Amino acid sequence: MGRYLGRKGLIYALTLFVAVTINWMLPRFMPGDPISDMVSRAGLRDPEAAARMQAYYENLFGLDVPIWQQYLNYWGSLFSWPPDLGISMWSFPRPVGDLVMGALPYTLALLIPAILLSWYVGNKLGALAARRKALDNTVLPVSYLLTATPYMWLAILLVWFGGMQLGWFPSSRAYSGNLVPEFSMSFIGSLALHWVLPFLSLFLVALGGWAIGMRNLVIYELESDYSNYLGALGAPPRLIRKYAFRNAMLPQITGLALQLGVVLTGNIVTEVVFNYPGLGLLLLNAITSTDFFLLQGIVLFVVIGVLICNFVIDIVYVWVDPRTRTGLQGASA
Amino acid sequence: TEDVTDDVADGENVDEAEDTDDADSANAGEFPRNETVYTGGAEWGTYEDWNPNTDGEATFVRGFLYETLFWFDPWEAELKPWLAESGEWIEEDVYEVALRDGITWHDGEQLTADDVKFTFDLRDVPGVEFPELDEWLDEVEVVDDLTVRFHFSDPRAGQWDNVLYDREIVPEHTWGEMDREEIPEASGEDITIGSGAYEYHSHDENRARYERYDDWWATEHLGLEMAARYVVDFRNESNEVAMSQILQNELDLSNFFLPGINQVPEFGESVHTFYSEEPYMLSANTASLIPNHDRSPTDDADLRRALAFSIDVDDIVDTGYQGIVEKADPTGMLPLWLDQGFRDDEVVEEHGFSYDPEEAERILDEAGYVDEDGDGWRETPDGEDMELDFIVPSGWTDWELAAEVIEENLHDVGVNVVLDFVDPGQELDPRRDSGDYDLVFDNQMLLQNHLFAQYFYLYELPVLDEQANRDNPHRVENEHAWELTQELARLGTPPTDDPDDDERFMEIVSELQEITLEDMVIIPLWYNGLWSQVNDSTWTNWPSDDPDTPNYYPTTWANEFMLGGLMTFTEIEPAG
Amino acid sequence: MLTVDRVSKVYRTGAFGTNQLTAVQDVSFDINPGEVVSLIGESGSGKTTIGKMVLRLASITSGTITLDGVDISTYRGRGLKNYYRHVQGVFQDPFSSFNPIFKADRVFAMLKGQYFSSMGRDAWQHKVEAALDAVRLDPAAVVNKYPHQLSGGQLQRLLIARALLLDIKVLVADEIISMLDASTRIDVLNLLAELKADGLGILFVTHDLALGNYISDKTVILQKGVMVETGETTAVFTDPQHPYTQQLLASVPRLDRRWQK
Amino acid sequence: MSLHVDDLRVYYRTVHGDVQALDGVTFTVEDGEIMGVAGESGCGKTTLSKSLIRLDGRMRHIGGTVELDGSVLPLEDDRAMNRFRFTDVSIIPQYAMSAMNPIRKIGTMMRELLESRGVDFKQLRPELERRLELVGLSRDVLTMFPIELSGGMKQRTVMVLSTLLNPSLLIADEVTSALDVSTQRAVAETMAEFRDREFVTSLIFVTHDVSLVYQIADTIMVMYAGKLAEKAPADTLVKQPRHPYTQQLISSLPEVGVRYEEQQLAGIPGTPPGLLDPPGGCRFRARCPLAFDKCVEEPPFVEIEPGHSVACWKAM
Amino acid sequence: MTDMKSSPAGRSGAAAPAPDPASAAPGQTATTDPLGAAPALAGRRRSEMLYFALRNPKVILGLSVIVAFLLFGLLGPLFSEFGPRERNAGPLGAAPSSDFWLGTTWTGQDVFTQLAHGTRATFQVALMAAAISAFIGMTMGFVAGYRGGRLDEILMMITNIVLVLPVFVVVIVVTAYLGISNTATQALVIGLFNWTWVARAVRAQTLSLRARDFVDLARLSGVRTLSIIRREIAPNMASYLVMTFILLFAGAIVFAATLDFLNLGPRGGMSLGLMLQQANQQAAMSLGLWWWFVFPGAAITAITGSAYLTNVGLDEVFNPKLREM
Ligand SMILES: Nc1ncnc2c1ncn2[C@@H]1O[C@H](COP(=O)(O)OP(=O)(O)OP(=O)(O)O)[C@@H](O)[C@H]1O
Ligand SMILES: Nc1ncnc2c1ncn2[C@@H]1O[C@H](COP(=O)(O)OP(=O)(O)OP(=O)(O)O)[C@@H](O)[C@H]1O
Ligand SMILES: [Mg+2]
Ligand SMILES: [Mg+2]
């Protein structure tokens, strides 16, 4: 178990290193010079003023030291507390960390329930489908349809149908325009109302995938040797299904880690369609306004978030699967 | 670095405070619909820059929070006093402003001539608006509490008017405490004590909220009142959002570009534009096709002329814009100046252009642009292959469409043009500024107080490696025209008190029109609209061409707000 | 003559080879022409590993294997190819020895491509038929068939025929009959015995003592990679010295007597 | 009582038609009897053992009956069969390595299984531990996960579990095939011991290794191509086989002591027929050296002397 | 050990190909052990596979839909007299009618024409991207699985790193920096980041195929490594590789559409994602022009859904265990 986690830890550390390094390199080595862009956007007539401004920004963004030192500083600033992700150009001069932190709650509010609920409900549905033919004939096609649906399309359909046609739910932003964020019933109610459609679009698409996966896994497990053995010893189907379900859960837990990236993608487009002020929208704003520092900050944040989630899932996995705890081969004969 | 982070830190503190204290005043965080005007379409960035001394401030900083000495009425093409009671040239090079008596800042202090002097004395601080003002304004003299005199080294009357309605007066007692050099870097909302009709309430990424200042001087002085207790402005997120908001009465005034607004069922019912039929919108600027004078073959006037004749602007207007814009005059002058009679019809008659592909082909043939090698494309007179590089900002759908129309038109006359869709900020701006293009769209001939601005745009010299201030991106070098332009800037818009000046003004304008058209410096295509849609379900009496309603320019765009936008808010009334 | 001299094999497993597993330790024996050496041991005792080392399919950790006095680990490229002219192998699972999606006689074609590319069609045909004849297979019954259309015995004989196409001196036969049905395995064994009579040296790998006893001249008993007993087959089987050998012999089910309690 | 199988036919459904894997077998296993089943690969041994306890999805019961201790087993009704499984008929699967739920502790798994069958686990626990001890396992295995056991330990654990309710019939299909000779012996002897201790009443021991089955079986039944060839007491079958197939099979087995130089054995030429569309008459006839005209008719499986039945015209 | 994540229960094929980034990748989670399928496949003649494939309703339905869309993309543009971006092809914002089968957009562009061109572009990108991912993933998988040892460790480390990275975010960022100008670049970028699960799955398969004796036999015949991989190992995984490609294709479609939707796709052309983007950006929902966004989205869903369906069907064909009989 120690080895297992140790190895995982090594991979995460390497991934973090690579991700941070790539992230650091991108604005520096890709075509285009963000600082010059900024200066030229300021529209200064006087070349000297432009040069002053260039120098000012280079200093501000720490680009006026040798490249290796920039790299070290970058790491240093990440490990300082609170981490210093630089200053946004799009929303100059707000610190990137501020912007990310402001957007994060919205993204989490969408992602966490969407991921966990879709996982839970999807697995339940899938297990049910594996049991009853009638259910299987409905759940399976619907699940395939859902999982083949691109996130943005479902989001658009929800906006159109739930938002425009029926008018049941607001179809953009996180809360109504006539409110100020605060702890009040009307505000929270508004938050909840605005949350429904974007949540649904994430939830439904992910749901399909889980349901299919679970159904197939359960069927697979039901044909496994231990199921056969239990069956031969006359165990009631209930017990066999329970075992199959538990075993089928394991790949689904690992799948959860692997699906994070996918749901994240969905989250970005969903936020765009719904103008939901989370990280996805912020990311797109960073891109359209070529705010490299903001972009870097978000990417870094997302990468670390994903790594942490992966690690958590790995630990959970160790906890649910005895095989990881006892080493791989049968330990003692 | 330190200074900025300081400000940021301050901003943060206020941010937190705002959540608790200020929110209470807004009825527990809620803005009653019938007391609030919702606006949007002006803020492209985020609400972070609250500094009136620099460019790019948040929407309503100019006008609601801080005010200018005058405002400009485009219908009459004249300045109207605002903080100033009056202003006039008392000598050739001295301009005197008389302030209104009894104007107070939001914190109760008096607004005096000292504040005006303080404001204009900031002109030499790098980063403050009007960087070149220093070159021609010599000194600001406080005569008494309410009188200021401006002494000029170069009295550019036309340009000065522009400053007068554009420069917000800031209170010395708050800004004076700051280190002068740091002033441009201040940005937090702690610097929002102004003299205007509204006070800062709160903001977040996506919206800024303002609350009415009840002791506003204009109520007493001018009898003006703001009906809306709150104004909430939304950032530009997407057209789609704006569209649904205006349709659902979540926005009262939208200054977004919403093509198709004239076709929604709500149009003419709850949703209106300034005109109820084509062109629906007032005109805000002239969109032109800019040929590069610094590169072959677009440095050839004959080619430029041929291009002008080959473009079917009506097609762009009808299909790209669905009729919500108007075709531009060949002179490029905005309707406002046409109304003032500044267009020289004779000159236009002789040198103007219109859509006429045959004429275009004739010009090309005559100038030696013929297809010798039979590949279907004309070559240059030197026999070289010709391929015009037309850079288009990707994602700007209306311009993309327009570019495609032009592409077809030019192909029809045998001119090979290649559309190059590039990222607007990342690639287009730098390439335009550095002259790395053959053709590009530009719309910086803006709605302003004086025609000089248009010719500054056309002729400003010298041409730099980076034409970063957005004038003369076409890189024309015409000393004579530039001199005429500078002379024009010294003249007020007719009619002035001096008939000689007025005559000279007309002469210069005619000559400039002639030079411009003869040389085909740029090809004016259409007037971009002063995009504006209102929903009158909650608030009525919005400006329109209906004689029963006011006719102010209904916009919240920061640069146009003092052209009637502010006045719009004094006129609206609660519905029902 | 093939000589295995104090050969050991250590496998590295785990992340970056942190675990070591000694599969074979200091094993020595030699195979003379016309001699069958059986390598007997329980599962995991390292039999296959030794076979693979002889066939250069696994590297040798220490010790040497020589063929006619030349260290085989020195062979590279052309030399290795040449080595395979003289030393060939047949493996346990006839079904896994054939690529299931191709016809069975592709194993011949592969050799032709590599070793007899200049040989004429007819000559080759002739050669193949001779080899098939040697393993007593009817060409019509096996040519142009897919592996699943042939029986295990036929497949194993095909593989031996394949080896015979080359000029082999040593054949490594790794459990070549353990997957076959009782009714056919004896024929394959008999075939090996005949080849031996023609002067072929055979390394016969098995876990079945009865089979080892049936055809081999010399026997090597392995336990966990270590040689515990070796000698003339008759001697090892009639008078086992090592307790492990004795225990093995006692556990073999036989038809002439039942296990003693 | 005992097991009576009468004309049992079980086919596999495939797209090409039915595979007649078990085509009319009739035999009896007496109380206390260990019956070995031997035969070539594909002759239907596994099909037979599965038929007696649990048909898989593709197997179809075509005809015949199985009677255990006086009651007819409802082979086709999976639910009804549950009443007999474990308590009356039980199985030791070949896949002992993977027969236990990998993520449950062994003890927990056993408890859940037994309780689901309405057995009081607490009460049974001392007996369970006793039997574990008997096969040389400590009671600690109950708190372990399957992965913590070696192959042999798993095999023995499964043996104990399968026989815990003292079934009257135990089926062991190829349980020793993958094991080394010494382990093989231990497992086989443990099975015999289970019978001796009456943990099971009778035992069907399926293997392809005649020598092995000879070690512990009282009777041996030889199958060929989905049918029975011969059944006889172990010694009789090995020493005086009557069916030509059995004879040839036995004589092709190399034994320790037999050497090529001294005695050359011979195999059986040819291969068994496919069961998709098997030939009529005696299925061995194509390979049989003694085959004659009569063999186109199917030979009945008849008792030629007490306890010794053969399906061959020549043997009658 | 390297494979702990994908195959906790040691059934490498079972859970391996899950992390298809742009989709929920259904049905793969339980693709039963493809190695079980390989010999089964081998044991049958190819014609038999075809027999089953042509009789499997899922394969038939899935493939017909895909082929129908492919034909639509190839031929559709020929039947249209308009360009994909041609304004005023018809009345503005007209609902589907006999003249304009799928209606027109806001500026009078013909939705049918756009859909045909968009489908074509979408196929182009997806096929190219899938080919690139397949090439990288398979190369990595083959080499790592066949060579083993340190090389395997390193390749798998790389794979695992890319696997943990939120690929889409990375692609968005790279796309944003590079400014995707044409379909080939887009396909390349997608392909470059979308191969991890392929590498792992192919590696697992190779590992076990490599252990088969015929590989050793080929070595004993003097065949070179590359030929062994190409001629011995790969053909045995053909069914699996086909299924992998189909899933990659489905993933790439969604991937590309998503990029296009965020306006990070190639400029100037027309794709299904771009149609959605334009519909969304130009407020088609508010304007009630449902045909503008319903059809392209439905097309994406239909193509990817059919790919999944085909995949499941093929799984049944190749894997007799799953076949219903
Ligand atoms: N490629 C390998 N990597 C690591 N360990 C290996 C490898 N091949 C074999 N081993 C280990 O080496 C030891 C000897 O294996 P080998 O296959 O030679 O045994 P064997 O005697 O042939 O057994 P069997 O009778 O089961 O074939 C075993 O413990 C096995 O686990
Ligand atoms: N699921 C199945 N579908 C179709 N045919 C099958 C199936 N299982 C077994 N068979 C066929 O039924 C016949 C008998 O198979 P069975 O498994 O009972 O043989 P066996 O004697 O146990 O063989 P082995 O010794 O190889 O285990 C064989 O011809 C086999 O091909
Ligand atoms: Mg071996
Ligand atoms: Mg069997």
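Here the structure is a predicted model, which is why all the values come from computation and not from measurement. Quick note on labels: first sequence line is chain A, next is B, and so on, each numbered from 1.
- Residue pairs meeting the ring-ring contact (aromatic ring centres under 6.0 Å, His included) criterion with at least one member in residues 227-251 of chain C: none, sequence neighbours excluded.
- Within the structure, the ring-ring contact (aromatic ring centres under 6.0 Å, His included) test picks out no pair touching residues 188-212 of chain C (sequence neighbours left out).
- Dense packing is recorded around CG of C/Asp256, with more than 12 heavy atoms of other residues, nucleotides or ligands lying under 6.0 Å away.
- Looking at every heavy atom in both residues, C/Leu249 comes nearest to D/Val256 through CD2-CG1, 4.0 Å.
- Among the candidates D/Asp180, D/Thr183, D/Val181, the single residue satisfying the side chain to side chain contact (heavy atoms under 4.5 Å, CB included) test with C/Ser251 is D/Val181.
- Looking at C/Gln247, only its side chain comes within 4.5 Å of chain D, counting heavy atoms on both sides.
- Both the backbone and the side chain of C/Asn190 come within contact range of chain D, with heavy atoms under 4.5 Å apart.
- A donor-acceptor pair is defined here as one N or O able to donate and one able to accept, closer than 3.5 Å; no such pair exists between the side chain of D/Glu40 and the backbone of C/Ser183.
- Nearest heavy atoms, D/Glu261 versus C/Asp217: OE2-OD1, 4.3 Å.
- Inter-residue side-chain proximity for C/Tyr214 and D/Leu265 is flagged as met; some heavy-atom pair is nearer than 4.5 Å.
- Using a cutoff of 4.0 Å between basic side-chain nitrogens and carboxylate oxygens, D/Arg259 and C/Glu232 are not scored as salt-bridged.
- Within the 4.5 angstrom heavy-atom criterion, atoms from both the backbone and the side chain of D/Gln215 approach chain C.
- A distance-only check finds a donor-acceptor pair linking the side chain of C/Arg258 to the backbone of D/Tyr214 [under 3.5 Å].
- Taking 4.5 Å as the limit, every side-chain heavy atom of D/Ser211 sits out of range of all side-chain heavy atoms of C/Arg254.
- Closest approach of C/Thr184 to D/Ile268, counting heavy atoms only: CG2-O, 4.4 Å.
- Using a 4.5 Å cut-off between heavy atoms, D/Val258 contacts chain C through both its backbone and its side chain.
- Heavy-atom minimum distance, C/Pro253 versus D/Asp209: CG-OD2, 4.3 Å.
- Only the side chain of C/Ser151 comes within contact range of chain D, with heavy atoms under 4.5 Å apart.
- Closest non-hydrogen pair, C/Ala210 versus D/Pro254, comes out as CB-O, 3.7 Å.
- Only the side chain of D/Thr271 comes within contact range of chain C, with heavy atoms under 4.5 Å apart.
- Looking at D/Gln263, the atoms closer than 4.5 Å to chain C (heavy atoms on both sides) all sit in the backbone: N, CA, C or O.
- Nearest heavy atoms, C/Glu42 versus D/Ser182: OE2-OG, 2.9 Å.
- The parts of D/Leu212 that come within reach of chain C are both its backbone and its side chain, each placing non-hydrogen atoms under 4.5 angstrom from that chain.
- Residue with the most contacts toward chain C among D/Gly42, D/Pro269, D/Gly257: D/Gly257 (heavy-atom pairs, distance under 4.5 Å).
- Looking at C/Leu211, only its side chain comes within 4.5 Å of chain D, counting heavy atoms on both sides.
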